[in-house]
Amino acid sequence: MTNLVLSNQSLKSLLTSCITIKQALQIHAQTVVNGIHHDPFLITPLISFFAFSNSPSALHHSSLLFSQITTPDLFLYNAMIKAHSHSHAPHHALSLYKSMLASPTYPDSFTFPYLLKSCVRLFSLKLGIQVHCHVVKNGFESDVFVVNSLLNLYCVFGDTGNASKVFDESPVRDLVSYNTLINGFVEAGFASCSMRLFGEMRRFCVQPDGYTFVALLSGCSSLEDCETGKKVHCLAYKKLDSLGCNALLMNALVDMYAKCGYLEMAKRVLMSGIRSGKSVIAAWTSVMSAYARLGEVDVARRIFDQMEERDVVSWTAMINGYSCSGHFEEALELFVKLEDLGMEPDVVAVVAALSACARLGALEFGSRIHHKYAGKNWSCDQNGGFISAAVDMYAKCGCIDSALDIFCKTSDHLKTTFLYNSIISGLAHHGLGESAITLFKEMDTLGLRPDEITFVALLCACGHSGLVDDGKKLFESMLTVYGISPQMEHYGCMVDLLGRAGCLDEAYCLILTMPFKANAVIWRALLSACKIHGDIDLAKIASKELLTVEHGHGARYVMMSNMLADIDQHDEAASVREAIDNVGIRKPPGWSYVETNGALHKFMAGDNSHPEAKATEMMLWDVSRRLKSIGHVISA
DNA sequence: CTAGGGTTAG
């Protein structure tokens with residue numbers, strides 16, 4: 001090759017037609033050879049080429065070049081910030097911004113959207129709020145791109161309150177602003193707000209596009225509002241003559257009809273999608289899930305097997321389809337198959353598997369999954385769902401210590417009401433009422449609001465630990481302090497709590513004064529308390545009431561007959577048994593699982609077929625004898 | 001602004 005010396009100009013024009021990283025590296029080498037690598041007109045396009053070539057090593061290379069520039073200009077700063085915002089290390093974007101603030105350069109409207117995106121990718125609302133302050137300080141709140149990035153930031157974190165505030169206070173709004181907030185409302189579970197916003201959008205004559213309709217339909221799916229869904233369908237049909245080529249929209253339509261239970265309509269839209277050659281995996285997944293929810297697991301499985309393409313989402317849907325119908329073993333089997341096929345399960349799939357383990361009590365399997373996926377690059381441990389699923393799994397499998405360990409190691413910004421609910425109910429089931437209350441008090445200092453589930457867990461914890469006064473105080477505080485009106489479940493917990501503690505009259509009184517008609521759960525709780533404390537008169541009342549709300553339920557008869565036998569009312573017990581025979585009621589046998597050394601053992605009431613059934617029974621007898629000896633009262 | 005699949009109680 002001839003020793004050709006290229007001028008600055010020709011190198012620069014070469015760079016514009018450069019395609020591969022290798023070519024750009026060659027040009028860079030030339031600039032060094034020619035001693036012109038400090039020419040800003042050459043180095044700037046080189047840096048941005050490397051920055052935007054979507055390769056971690058090239059980005060590293062551009063960072064090196066960038067660091068050698070003494071006073072980078074705004075353009076270069078923005079280029080580097082943008083490149084880092086979608087890199088594997090978005091925090092570099094914020095460091096760059098910091099050094100920019102220390103330099104004579106000021107940010108502009110191009111800087112903030114990428115900073116905000118970095119905060120989103122760092123899962124840090126806190127940093128995002130700081131950047132928001134800088135937006136205000138620098139006067140960019142009226143730039144529509146900045147506004148849309150702010151909207152996205154708040155929506156991603158489910159903070160629709162702040163998102164609405166940004167939206168309301170912004171002098172500029174475009175289609176993207178509306179779409180972002182509409183979608184944010186839907187994802188936060190406020191689908192009705194999204195419908196209202198859509199109305200406003202139309203009044204302001206902002207023309208919706210495909211994304212608007214997809215978001216709205218997704219809202220109709222979650223509301224199971226097929227009426228609105230149909231209207232959106234019509235509107236989308238009229239507005240978009242290109243409806244036929246939008247796969248996303250077709251999928252959203254199918255999902256809406258499937259979730260609303262209009263399976264025939266869902267399949268009709270799906271078929272039209274197939275005819276026009278669209279990508280239909282998502283639509284099939286929706287239809288499949290609908291069948292699973294209806295309890296038709298076999299139909300769901302057939303669809304799953306017949307789908308010509310399956311992705312992680314379809315696998316997850318099938319795994320959950322099994323879980324929904326109580327087929328936890330099949331769910332886990334499918335998860336293992338997914339792993340064996342070399343497909344990388346994502347957080348949602350892992351969460352689904354952990355949940356199946358929790359339901360089965362499959363500790364070894366569950367902890368294997370937990371350890372395998374904690375600390376992966378897509379960061380399960382940054383995902384609130386993964387953490388609560390793991391906490392729940394350990395708690396349900398009897399390892400409250402492991403559950404607490406995970407909980408305590410979780411940093412505060414990842415602690416949510418949901419996670420507290422998981423750990424508190426875990427503590428409740430382990431009879432650790434005091435700890436449950438301690439953690440509950442912690443929520444306040446983190447600014448987390450308890451919800452109705454928190455109180456179910458708390459009251460349950462008090463009930464299992466005999467903390468009657470604490471339970472009463474908490475029940476009081478629900479409405480007076482937290483503005484949550486107690487539901488049937490909460491009254492149920494209170495009846496159980498008072499009943500176990502022997503305050504039978506107080507429990508009965510609560511039932512009579514509560515604002516709803518007591519359901520079977522409540523009467524059963526009272527009946528069970530009567531059994532423990534041997535109150536026959538109240539037991540008769542409770543069982544009479546139970547009969548009126550729950551006609552012909554086998555468990556009631558069995559419980560009643562056992563109870564009467566226990567308190568030496570053998571004649572009455574016999575008459576109840578007779579009633580069972582007369583009505584022909586059969587209580588479905590109780591069953592349970594236990595997992596040891598990776599094998600699952602199923603136990604059913606009255607079933608002695610397990611090879612170690614005799615030994616197990618002896619062990620159980622021993623356990624209950626020891627429980628009795630330390631004063632524990634075993635209820636029905 | 002890019003569907004479809006998820007975690008807590010009873």
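All chains are named by letter (A, B, ...) in the order of the sequence lines, taking the proteins before the strands, and each is independently numbered beginning at 1. Excluded from the calculations below are hydrogen atoms, water molecules and symmetry mates; all remaining heavy atoms, backbone and side chain alike, are included.
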Among the nucleotides dT7(B), dG10(B), dG5(B), whichever has the atom closest to the side chain of C460(A) is dG10(B)
Send over the distance from H464(A) NE2 to dG10(B) P, rounded to a whole Å.
7 Å
Listed once per pair and sorted, the ring-ring contact (aromatic ring centres under 6.0 Å, His included) pairs that draw on residues 397-422 of chain A, sequence neighbours left out
F407(A)-Y420(A)
Between dT8(B) and S422(A), counting only base atoms on the nucleotide and side-chain atoms on the residue, is there a donor-acceptor pair under 3.5 Å?
no
Looking for any heavy atom pair under 4.0 Å, which part of the strands does F386(A) touch: base, sugar-phosphate only, or nothing?
base
Using a heavy-atom cut-off of under 4.0 Å over every strand shown, decide if V214(A) touches base, sugar-phosphate, or nothing.
sugar-phosphate
To the nearest Å, give me how far apart CG (N421(A)) and C1' (dG10(B)) are.
14 Å
Checking E296(A) now: which residues fulfil salt bridge (charged side-chain N to carboxylate O under 4.0 Å, His left out) with it, not counting sequence neighbours?
none
Rounded distance (Å) that lies between atom C1' of dG5(B) and atom CE of M343(A):
13 Å
Donor-acceptor pair, S314(A) side chain versus D311(A) backbone, under 3.5 Å?
yes
Is the shortest side-chain N/O distance from N152(A) to OP1 or OP2 of dC1(B) below 4.0 Å?
yes
I453(A) has a side chain; which of dA9(B), dG6(B), dG5(B) sits nearest to it?
dA9(B)
Applying a 4.0 Å non-hydrogen cut-off, can you work out what L181(A) is touching in the nucleic acid: base, sugar-phosphate, or nothing?
nothing
Separation of dC1(B) atom C1' from L216(A) atom CG, nearest Å, is 12 Å
Between dT8(B), dG5(B), dT2(B), which nucleotide has the shortest distance from any of its atoms to the side chain of D392(A)?
dT8(B)
Does any donor-acceptor pair link the side chain of D346(A) with the base of dG6(B) at a separation under 3.5 Å?
no
Return the value, rounded to whole Å, for the distance between atom CG of L253(A) and atom P of dT2(B).
18 Å
Regarding H429(A), tell me which of base, sugar-phosphate or nothing describes its non-hydrogen contacts under 4.0 Å with the strands shown.
sugar-phosphate
Verify the contact: side-chain N or O of K117(A) to OP1 or OP2 of dC1(B), cut-off strictly under 4.0 Å; return yes or no.
no
Please determine whether any donor N or O and acceptor N or O are separated by less than 3.5 Å between the side chain of S286(A) and the base of dG4(B).
no
D496(A) CG - dA9(B) C1' separation (whole Å):
13 Å
Verify whether one side chain among Y322(A) and R301(A) offers a donor that lies under 3.5 Å from an acceptor in the other.
yes
Residues D392(A) and S422(A): side-chain donor-acceptor under 3.5 angstrom:
no
Among the nucleotides dG5(B), dA9(B), dT2(B), whichever has the atom closest to the side chain of V348(A) is dG5(B)
Roughly, in whole Å, what's the span from CG in D311(A) to P in dG5(B)?
12 Å
Can you list the residues that meet the salt bridge (charged side-chain N to carboxylate O under 4.0 Å, His left out) rule with D405(A), with sequence neighbours excluded?
K409(A)
Considering only heavy atoms, which members of residues 288-307 of chain A lie under 4.0 Å from some atom of DNA chain B?
S289(A)
F418(A) ring over dT8(B) six-membered base ring, under 5.5 Å and 30°:
yes
Mind checking if V391(A) touches a base, just sugar-phosphate, or nothing, with heavy atoms under 4.0 Å?
nothing
Of the nucleotides dG10(B), dG5(B), dT7(B), which one has an atom closest to the side chain of S388(A)?
dT7(B)
So, is S425(A) close to the dA9(B) phosphate, meaning a side-chain N or O under 4.0 Å from OP1 or OP2?
yes
Would you say dT8(B) has OP1 or OP2 under 4.0 Å from some side-chain N or O of K415(A)?
no
Go through dC1(B), dG5(B), dA9(B) for me and flag the one nearest to the T180(A) side chain.
dC1(B)
If I take atom NZ in residue K278(A) and atom C1' in nucleotide dT2(B), what distance separates them, rounded to the nearest angstrom?
16 Å
Using the test side-chain contact (heavy atoms from CB on, under 4.5 Å), find all partners of L497(A) that sit at least two apart in sequence or belong to another chain.
C462(A), V468(A), M494(A)
Output yes when a side-chain donor or acceptor of R310(A) lies under 3.5 Å from a complementary backbone atom of F304(A), and no otherwise.
yes
Partner set under salt bridge (charged side-chain N to carboxylate O under 4.0 Å, His left out) for K117(A), not counting sequence neighbours:
none
